[in-house]
Amino acid sequence: MTSPAAALSRGPVAAAIRFADADFLAIARRVHADFGLNLPINKKDMVYSRLIRRLRDLGLHDFESYLLLLEGPGSAEEHLQLRSALTTNVTHFFRESHHFRMLRETVLPPLITLARSGGRVRIWSAGCSAGQEPYSLALTILDICPDAPRLDIRILATDVDPMVIAKARAGIYPLEEIKAIPQSMRSQLTDRPTASGDTFAIDQNARALIRFAELNLMEEWPMRGQIDIIFCRNVAIYFDMPTQATLWNRFGKLIPNGGFLFIGHSERLSGPATACLVPVGINTYCRTPETPGNPARRLREEL
């Protein structure tokens, strides 16, 4: 086996670096334990393509050396690099627009009434990537409740990747992405294009509603109060089924009766959470007792 000293050596790296099944499986086990990512063997080529540049940047000659580096002292930064390399961050503003229609028409109005009477409203964008989802939530809230920054309405936006959290916190996007934002919101709630002319920045009113934070969904969560709305879309598809079921169940325990969970179009609720979260729309679930006349039952009957 290569020694730790050799693992940290620098120098020219051969063009072709062998990636054995054993190397792939070791990385797969590590990221599954670290943040729940499920990597079946058919993802081997993808993992290789994402990590090979990192090995070359480090001057490492093989994956065995890279694994030793991950196990060595002072490896925390490299674990973050590995996490960033293997997580998929594909999103855009107002993705799966039917969720935002339901949010505007059904979910938000009673919560805004609650907030205007002095109540507390909390929304969580879990797996927020570069920030388009939480900013879409904030823009939707502001469009129907311009006084939201003065109310106790807050959005928690988290992601396991600190690099995309930094991008989200900056709130600056390529100008072409503004096309996905509805015209009324675009003119009222986004700043003018930035000095470069090819980007735009999110308005301060929208920023004021959001707190961004790094969070690993596999670890302990810092929130203690209940969350009225949870968006966790196109995140669980990267976990295995037992991990998904555990995640849904943890969400269910955070959501109060009448609260909502929105998940991605390729995802399905499973496990114990199905006993308390009932479907009320396309990949949308409400937690409420199954009694005649309750909101979840009424919404489901209207579908």
message = Any carboxylate oxygen within less than 4.0 angstrom of a Lys/Arg side-chain nitrogen, looking at Arg116 and Asp147?
response = yes
ask   = Between atom CH2 of Trp221 and atom CG of Leu156, what is the distance when rounded to the nearest 0.5 Å?
value = 11.0 Å
request  = Run the salt-bridge test on Lys44 and Asp21 with the 4.0 Å N-O cut-off and return the result as yes or no.
outcome  = yes
N/O donor-acceptor pair under 3.5 Å between Arg211 side chain and Thr158 backbone = no
inquiry  = With a 4.5 Å cut-off on side-chain heavy-atom distances among I, L, V, M, F, W and Y, is there a chain of contacts connecting Met241 to Phe35?
reply    = no
note = To the nearest 0.5 Å, atom CZ of Arg287 lies from atom SG of Cys276 at 4.0 Å
query = Between the side chain of Arg186 and the main-chain N/O of Ile178, is any donor-acceptor distance below 3.5 Å?
reply = yes
request  = Determine, step by step, whether Leu103 and Phe260 satisfy the side chain to side chain contact (heavy atoms under 4.5 Å, CB included) criterion, reporting the C-alpha distance in whole Å, the side-chain angles of both residues, the deciding distance to 0.1 Å, and the verdict.
outcome  = CA-CA 10 Å; Leu103 197 70; Phe260 290 82; over 6 Å; no
inquiry  = Given 3.5 Å as the limit, does a donor-acceptor pair link the side chain of Ser136 with the main chain of Pro134, or not?
reply    = no
query = Quick one: do Ile165 and Leu80 end up in the same hydrophobic cluster if we chain Ile, Leu, Val, Met, Phe, Trp and Tyr together by side-chain heavy atoms under 4.5 Å apart?
reply = no
task = Specify the closest pair of heavy atoms between Leu254 and Gly225, including all atoms of both residues, with the distance to one decimal.
result = CD2-O, 3.7 Å
ask   = For His92, does its backbone N or O pair with a side-chain atom of Tyr173 as donor and acceptor, under 3.5 Å?
value = no
inquiry  = With no hydrogens and no angle check, just 3.5 Å: does a side-chain donor-acceptor pair link Thr91 and Gln132?
reply    = no
query = Among Asp159, Asp34, Asp161, whose side chain to side chain donor-acceptor pair (under 3.5 Å) with Arg83 holds?
reply = Asp34
key: Thr246 versus Asn249, side-chain donor and acceptor atoms under 3.5 Å   = no
message = Using 30° and 60° as the class boundaries, would you call the ring planes of Phe19 and Phe24 parallel, tilted or perpendicular?
response = perpendicular
key: Flag, side chain of Ser97 to backbone of Phe94, donor-acceptor distance under 3.5 Å   = no
inquiry  = Could you go through Ile229 and Leu108, starting from their C-alpha distance and side-chain angles, then the distance that decides it, and tell me whether this counts as side chain to side chain contact (heavy atoms under 4.5 Å, CB included)?
reply    = CA-CA 9 Å; Ile229 303 168; Leu108 283 176; 4.1 Å; yes
request  = Give a yes or no on this: more than 12 heavy atoms of other residues, nucleotides or ligands lie within 6.0 Å of atom CZ of Arg104.
outcome  = yes
query = Does Leu70 belong to the same Ile/Leu/Val/Met/Phe/Trp/Tyr cluster as Leu39, with side-chain heavy atoms less than 4.5 Å apart forming each link?
reply = yes
note = Nearest heavy-atom approach of Ser84 to Met163 is OG-SD, 3.4 Å
key: Contact summary for Arg224 and Glu220, nearest pair of heavy atoms   = NH2-OE2, 3.3 Å
remark   = Rounded to the nearest 0.5 Å, the CG atom of Leu215 sits from the CD atom of Glu219 at a distance of 8.0 Å
query = Within the distance-only criterion (no hydrogens, no angle test), does the side chain of Arg120 pair as donor or acceptor with the backbone N or O of Leu114 below 3.5 angstrom?
reply = no
ask   = Can you find a side-chain donor-acceptor pair between Asn234 and Glu96 that sits under 3.5 Å?
value = yes
inquiry  = Checking the side chain of Arg54 only, and the main-chain atoms of Ala85 only, is there a donor and an acceptor separated by less than 3.5 Å?
reply    = no
task = Write down the atom of Pro149, the atom of Arg154, and the distance for their closest heavy-atom approach.
result = O-NH2, 4.1 Å
ask   = Would a distance-only check, ignoring hydrogens and angles, find a side-chain to backbone donor-acceptor pair under 3.5 Å from Trp248 to Arg268?
value = yes
message = Could you see if Val164 belongs to whatever hydrophobic cluster contains Ile202? Use Ile, Leu, Val, Met, Phe, Trp, Tyr and a side-chain cutoff under 4.5 Å.
response = no
message = Restricting to non-hydrogen atoms, name the atom on Val121 and the atom on Asp228 that form the minimum distance, rounded to 0.1 Å.
response = CA-OD2, 3.3 Å
key: Donor-acceptor contact present, side-chain Glu78 to main-chain Ser75, <3.5 Å   = no
inquiry  = Tell me whether the count of non-hydrogen atoms from other residues, nucleotides or ligands lying under 6.0 Å of CZ in Arg18 goes above 12.
reply    = no
request  = State the CD-NZ distance between Glu177 and Lys179, to the nearest 0.5 angstrom.
outcome  = 11.0 Å
key: Chi angles and distances behind the side chain to side chain contact (heavy atoms under 4.5 Å, CB included) call for Tyr238, Thr87   = CA-CA 9 Å; Tyr238 299 107; Thr87 49; over 6 Å; no
ask   = What distance do Leu151 atom CG and Leu111 atom CG have between them, rounded to the nearest 0.5 Å?
value = 12.0 Å
task = Before giving the answer on side chain to side chain contact (heavy atoms under 4.5 Å, CB included), spell out for Arg233 and His99 the whole-Å C-alpha distance, their side-chain angles and the decisive distance to 0.1 Å.
result = CA-CA 10 Å; Arg233 305 183 306 164; His99 282 163; 3.1 Å; yes
request  = Test ring pair (Phe, Tyr, Trp, His ring centres under 6.0 Å) on Phe100 and Phe262 and set out the steps.
outcome  = CA-CA 10 Å; Phe100 292 94; Phe262 293 81; 8.1 Å; no
message = Applying the side chain to side chain contact (heavy atoms under 4.5 Å, CB included) criterion to Tyr285, which one of Ile230, Ile263, Ile255 satisfies it?
response = Ile263
query = Any idea which heavy atoms bring Ala245 and Pro272 closest together, and the distance?
reply = O-CD, 4.5 Å
ask   = Checking Gln244 side chain against Phe239 main chain: does a donor-acceptor pair fall under 3.5 Å?
value = yes
task = Output the distance between atom CG (Asp23) and atom CG (Asp62), rounded to the nearest 0.5 Å.
result = 8.0 Å
